[in-house]
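Here is the structure we will look at.
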Amino acid sequence: MNSPKYKFIELAKITDGRGNLSFIEAERQVPFKIKRVYFIYDVPQNQIRGNHAHKKLHQLIIAISGSFNIILDDGITGRKKYRLSKPDIGIYISPMVWREFNNFSKDAVCLCIVSRFYENNDYIRKYEDFKKMIKKYV
Ligand code: T46
């Protein structure tokens with residue numbers, strides 16, 4: 001992973017005879033103040049989520065259960081595919097990264113911890129618009 005705009009974040013994993021515990025603290029494990037948490041689940045196998053970029057939103061994405069692909073395009077290093085499958089490893093995504101999620105396992109739960117409240121106008125929904133706008137950022 002060599003993008004300046006997203007990276008894997010490995011969370012602490014505390015293991016004892018009762019199982020595992022991981023935790024996330026704002027501005028420590030994640031480089032932003034947490035304002036919203038949402039999660040995506042029961043995604044039919046052939047469905048795609050995402051397909052947009054955000055202008056200002058910072059996110060930490062974790063496969064809290066099961067697994068799914070995440071395809072990221074930072075407009076700099078090209079389109080890259082990763083599979084998230086461990087609850088103690090997330091991907092931090094900064095603003096202005098095009099993303100698509102697909103190939104969800106039946107038991108997949110995609111946890112999204114983010115820096116802003118929901119704002120419809122933070123979304124860039126057309127890839128051509130993203131490509132035009134990214135030129136101003138790089
Ligand atoms: C992202 C991926 C991983 C709300 O009302 N509040 C919310 O906080 C969110 C996230 C969505 N919504 C509404 C807006 C739509 O009517 O829920 C509906 C589905 O949202 P959307 O089509 O944006 O869902 P995804 O899975 O394509 O994208 C979401 C996030 O929007 C996005 O930030 O990165 O999950």
Side-chain angles (χ1 to χ4, degrees):
M1 196 174 260
N2 61 354
S3 172
K5 297 178 75 183
Y6 56 81
K7 63 179 180 187
F8 280 120
I9 289 190
E10 192 168 349
L11 302 174
K13 181 173 170 183
I14 301 173
T15 302
D16 60 30
R18 299 168 297 166
N20 299 322
L21 181 151
S22 294
F23 57 88
I24 296 156
E25 294 169 309
E27 298 175 83
R28 290 189 172 175
Q29 287 84 7
V30 288
F32 55 84
K33 278 191 186 164
I34 297 167
K35 273 223 169 148
R36 178 166 54 112
V37 174
Y38 57 92
F39 39 98
I40 298 164
Y41 51 98
D42 290 344
V43 180
Q45 186 151 33
N46 55 359
Q47 289 298 315
I48 295 171
R49 311 275 326 196
N51 248 338
H52 56 244
H54 287 279
K55 296 175 197 162
K56 293 186 179 165
L57 193 73
H58 295 257
Q59 295 173 292
L60 178 67
I61 311 280
I62 301 171
I64 210 82
S65 164
S67 58
F68 52 86
N69 290 339
I70 175 164
I71 296 148
L72 298 175
D73 180 350
D74 62 7
I76 308 163
T77 58
R79 194 176 147 93
K80 304 272 166 60
K81 182 166 91 177
Y82 305 95
R83 189 147 186 95
L84 285 183
S85 61
K86 294 184 178 169
D88 60 328
I89 296 186
I91 294 188
Y92 161 69
I93 307 174
S94 66
M96 294 305 290
V97 176
W98 189 266
R99 85 286 314 276
E100 179 182 315
F101 298 75
N102 66 26
N103 212 352
F104 285 77
S105 65
K106 265 195 171 154
D107 56 347
V109 180
C110 170
L111 178 68
C112 305
I113 295 168
V114 306
S115 66
R116 298 173 72 87
F117 296 128
Y118 179 74
E119 298 161 296
N120 193 36
N121 66 7
D122 188 59
Y123 285 73
I124 307 166
R125 299 188 191 276
K126 287 190 185 154
Y127 188 70
E128 312 86 79
D129 295 343
F130 168 72
K131 290 300 272 186
K132 276 184 211 152
M133 288 174 74
I134 199 77
K135 286 186 186 151
K136 297 180 197 159
Y137 286 75
V138 292

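When a ligand or atom number is given, it counts from 1 through the structure's own listing order. Just so you know, these numbers come straight off a predicted model, no measurement behind them.
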So Tyr6 and Tyr82, would you call those rings parallel, tilted or perpendicular, with 30° and 60° as cut-offs? perpendicular
Per the under 4.0 Å non-hydrogen criterion, ligand 1 touches Arg36, Tyr38, Ile40, Arg49, Gly50, His52, His54, Gln59, Arg99, Phe101, Cys112, Tyr118, Tyr123
Considering only residues two or more places apart or on different chains, which pairs with a residue in residues 36-47 satisfy side chain to side chain donor-acceptor pair (under 3.5 Å)? Tyr38-Gln59
If we ignore hydrogens and angles and just use 3.5 Å, is the side chain of Ser22 paired with the main-chain N or O of Ala12 as donor and acceptor? yes
For Tyr123, the rest of its hydrophobic cluster, which grows through side-chain links under 4.5 angstrom: Tyr118
Side-chain heavy atoms under 4.5 Å apart, restricted to Ile/Leu/Val/Met/Phe/Trp/Tyr: what other residues fall into the cluster of Ile71, or is it alone? none
Count the heavy atoms belonging to other residues, nucleotides or ligands that lie under 6.0 Å from CZ of Arg125, then report whether that count exceeds 12. yes
